[in-house]
Amino acid sequence: MCGIIGYVGEQSALDVTLGGLRRLEYRGYDSAGIAVVGAGALRVVRRAGKLSNLEKALAETDDGAVVGEAMAGTTGMGHTRWATHGGPTDTNAHPHTDCTGAIAVIHNGVIENFTALRSELFGAGHELASETDTEVVAHLLEAELGRPGAGELAALAAAEGGDGGRHPLTEAVRRVCQRLSGSFTLVVLHRDFPDVVVGARRNSPLVVGLGAGETFLASDVAAFIAHTRQALEIGQDQIVEARRDGVRIIDFAGEPVEGRPYHVDWDASAAEKGGYPYFMLKEISEQPAVLADTLRGRLSSDGAIVLDEERLSGEDFRDIDKVFIVACGTAYHAGLIAKYAIEHWTRLPCEVEMASEFRYRDPVLDRSTLVVAISQSGETLDTLMAVKHAREQKARVLAICNTNGSTIPRESDAVLYTRCGPEVGVAATKTFLGQVAACLLVGLFLAQARGILYGDEVGAYVEKLQRMPDLVARTLGTVGPVRELARSLAGARTVLFLGRHVGYPVALEGALKLKELAYMHAEGFPAGELKHGPIALVEQGVPVVVVVPSPRGRAVLHDKVVSNIQEVRARGARTIVIAEEGDHLVEPFADHLIRVPATPSLFAPLVTTIPLQVFACELALARGLDVDQPRNLAKSVTVE
Ligand code: F6R
């Protein structure tokens with residue numbers, strides 16, 4: 001949510017920041033802006049709407065000069081916005097400046113006490129132009145740097161560039177951060193300090209990219225991956241002073257701290273469309289490879305499931321008597337699937353909860369509770385806050401995450417990375433499959449740690465899981481008719497999705513994908529619940545997608561779903577049935593039959609989800625919509 005890039009180096013800051021914003025646009029696309037410091041000036045250009053509007057503005061001429069060409073300088077920053085405070089207008093677009101136009105600020109997050117700060121600033125004679133919470137920071141910095149009697153800052157300013165003194169801009173940022181509540185990543189430039197960019201973070205992402213003679217600050221590594229793969233994690237409540245030759249990091253109390261260096265294990269091509277017209281199509285097609293990567297090397301030579309980071313002992317895991325899963329959106333659906341596997345394999349009670357609700361209802365947690373936090377980005381604030389709450393209550397936290405260096409894994413006791421590579425399409429696809437596979441591994445891990453499954457039993461499950469990438473590839477090879485069907489339904493008003501057992505979360509996910517991509521009314525229900533109310537929605541011609549469980553699993557469940565299909569069909573529904581190859585019992589009741597390969601019951605979501613992703617994507621395209629950047633959404637939701 002909001003993409004941020006800061007740059008200090010030897011290249012054109014405009015080119016570098018624009019390139020970074022192109023890779024960050026999936027984080028928000030309500031407006032975009034850039035600031036560059038050079039030749040004694042701070043220049044800012046910002047526009048409402050997508051990045052292309054900013055690019056157009058930079059190509060325009062003003063006073064006979066091309067706007068972008070006047071932005072010469074090798075220090076700069078850029079922002080792509082997902083609006084929180086104030087609508088998506090030019091005035092509310094970042095960067096925001098102070099009264100003197102010397103300081104520019106970009107921000108991701110929400111400054112919760114901005115109303116009080118705004119009144120204080122108005123009282124002191126500052127003029128604030130926007131409706132944003134962010135603008136107060138520029139004016140607070142102005143007040144700090146220009147405060148009468150700020151002798152300390154003046155002395156520090158004299159030492160600017162020297163090794164000993166803390167940079168005055170850094171010190172001012174530190175003091176301002178102490179006054180802010182809420183969540184924020186800030187990046188700050190000052191006209192008079194062209195060699196430094198300062199960043200700060202609290203509960204919102206910020207990573208450093210370390211290049212040769214250049215340094216980057218960004219919301220995620222995608223922003224600088226074309227320039228360097230050397231990154232540095234910045235902890236909570238820390239400030240980073242970036243210069244060409246590296247960084248200095250302090251905490252909000254002013255104490256020096258070290259960042260954790262890491263190497264990004266994917267390159268710029270992973271974040272390109274690779275010949276596909278949309279990232280989403282590319283990401284759907286990558287799923288066999290992604291699943292194989294998630295599963296690779298998970299079984300040690302002695303038959304134990306391997307997590308990526310484990311700061312808990314075997315005894316800690318054995319002592320667990322209850323599992324909570326917290327996540328949002330698509331990740332929550334992966335969690336619902338995990339519940340079936342975890343309860344079945346471990347015999348531990350497992351509750352799945354939307355992270356945004358979790359901490360507010362005061363859940364019963366203690367040191368024998370395991371909280372599994374699932375998050376692609378590792379930065380979703382609702383999930384992060386649930387993790388923090390769990391840890392305050394002494395619960396253990398295991399994170400399932402796709403993003404190395406992100407906050408949720410750092411705040412957790414154990415981590416399993418999904419290794420899906422960057423997901424640029426705003427709607428989650430490949431990372432959902434990675435999350436489901438990771439959840440299954442966590443279930444096996446816990447069953448093994450608790451002595452419920454033996455090594456050879458776990459090994460047998462893992463072997464079956466490792467056959468899944470081939471089955472996913474086979475499923476992708478047969479979705480052509482799904483595309484045709486989706487196009488034929490472009491005019492539908494509503495689509496219902498039904499499922500049972502692990503097919504129920506798949507139905508929820510199918511409905512979510514359709515809502516967010518095609519802007520259609522879609523709802524997922526447990527098939528058995530239909531008769532308790534939702535069946536009233538069924539009328540002549542309403543498409544109803546039914547995810548049918550395997551007849552080889554629990555035959556009773558299969559037969560009940562077949563009855564549910566008949567119930568909706570009898571009321572005029574157009575039935576779209578997703579069923580296992582060889583399941584002939586469904587044939588008479590399916591207006592459209594989509595086949596998926598046979599799998600063990602708990603693994604079925606790894607194949608049944610695929611046609612639903614393709615269905616939503618194709619239907620949205622048939623309605624002329626942008627499937628990579630659906631309206632009102634952003635990839636990483638860093639506000640509560
Ligand atoms: C839907 C989607 C969202 C995310 C949710 C959680 O396609 O992408 O519902 O799943 O915002 O995001 P993460 O997994 O980053 O915590």
Side-chain angles (χ1 to χ4, degrees), residues 1-3 26-28 82 108 183 203-205 219-220 222 278-280 283-284 287 294 325-338 352-358 371-387 397 399-412 415-439 505-506 508-519 522 524 609 612-617 620 625-640:
M1 197 151 273
C2 295
Y26 68 93
R27 299 181 68 94
W82 186 85
N108 173 22
S183 63
N203 292 333
S204 186
S219 311
D220 71 51
Y278 289 96
F279 280 107
M280 185 172 180
E283 287 158 3
I284 288 175
Q287 293 183 108
T294 307
I325 299 178
V326 291
C328 303
T330 289
Y332 169 74
H333 298 156
L336 290 175
I337 294 167
V352 191
E353 195 139 347
M354 287 175 189
S356 53
E357 289 295 319
F358 183 68
V371 172
V372 178
I374 309 174
S375 174
Q376 183 284 127
S377 60
E379 301 292 351
T380 299
L381 197 57
D382 291 315
T383 311
L384 176 61
M385 289 308 178
V387 165
V397 178
I400 293 177
C401 184
N402 193 42
T403 312
N404 273 71
S406 59
T407 310
I408 290 171
R410 278 174 69 113
E411 301 273 330
S412 301
V415 187
L416 199 146
Y417 285 107
T418 47
R419 304 181 190 150
C420 301
E423 187 174 66
V424 182
V426 165
T429 51
K430 63 176 180 173
T431 55
F432 176 68
L433 247 63
Q435 286 167 348
V436 172
C439 285
V506 172
L508 293 177
E509 177 60 8
L512 177 62
K513 287 285 97 84
L514 199 59
K515 277 183 249 195
E516 64 183 333
L517 294 169
Y519 316 154
T609 306
L612 301 188
Q613 296 170 340
V614 172
F615 180 76
C617 183
L625 301 171
D626 179 347
V627 292
D628 283 344
Q629 295 182 343
R631 71 181 177 204
N632 303 337
L633 299 179
K635 186 73 186 161
S636 173
V637 185
T638 51
V639 293
E640 266 191 279

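All ligand and atom numbering here is 1-based and tracks the order in the structure. Residues take their numbers from the sequence shown, with the count starting at 1.
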Those atoms of ligand 1 less than 4.0 Å from some heavy atom in Ala331: 10 (O), 14 (O)
Ligand 1 atoms in contact with Ala427 (distance to a heavy atom under 4.0 Å): 7 (O)
side-chain hydrogen bond (donor to acceptor under 3.5 Å, both in side chains) partners for Thr380, two or more places apart: Ser377
For Ser377, the ligand 1 atoms whose distance to one of its heavy atoms is below 4.0 Å: 13 (P), 15 (O), 16 (O)
Pairwise distance OG1(Thr431) to NZ(Lys635) - rounded to 0.5 angstrom: 5.0 Å
Proximity flag Glu379 to ligand 1, non-hydrogen atoms under 4.0 Å: no
Top protein contact for atom 14 (O) of ligand 1, by heavy-atom distance: Gln376 N, 2.6 Å
Expected output: side-chain Tyr519 to main-chain Arg631 donor-acceptor under 3.5 Å: yes
Protein contact to atom 11 (O) of ligand 1 [nearest heavy atom, distance to 0.1 Å]: Val637 CG2, 4.0 Å
Proximal candidate to atom 4 (C) of ligand 1 [heavy atom criterion; set Asp382, Thr431, Thr330]: Thr330
Atom 5 (C) of ligand 1 [closest protein heavy-atom partner, distance rounded to 0.1 Å]: Cys328 O, 3.5 Å
Exercise: identify the closest heavy-atom pair between Ala438 and Leu416: CB-CD2, 3.5 Å
Residues forming a salt bridge (Lys or Arg N to Asp or Glu O under 4.0 Å) with Asp628, sequence neighbours excluded: none
For Ser375, the ligand 1 atoms whose distance to one of its heavy atoms is below 4.0 Å: 13 (P), 14 (O), 15 (O), 16 (O)
Protein heavy atom at shortest distance from atom 12 (O) of ligand 1: Thr380 OG1, 3.4 Å
Pairwise distance OG(Ser356) to CE(Met385) - rounded to 0.5 angstrom: 13.0 Å
Distance-only polar pair, side chains of Thr638 and Asn108, donor-acceptor under 3.5 Å: yes
Side chain, backbone, both or neither: Glu516 near ligand 1, heavy atoms under 4.0 Å: side chain
Pair Thr418-Gln376, side-chain donor/acceptor within less than 3.5 Å: no
Geometric N/O contact Ile374 with ligand 1, under 3.5 angstrom: no
Atoms in ligand 1 with a heavy atom of Lys513 nearer than 4.0 Å: 1 (C), 7 (O)
Ligand 1 versus Val426: contacting region, heavy-atom distance under 4.0 Å: backbone
Distance-only polar pair, side chains of Thr429 and Gln613, donor-acceptor under 3.5 Å: no
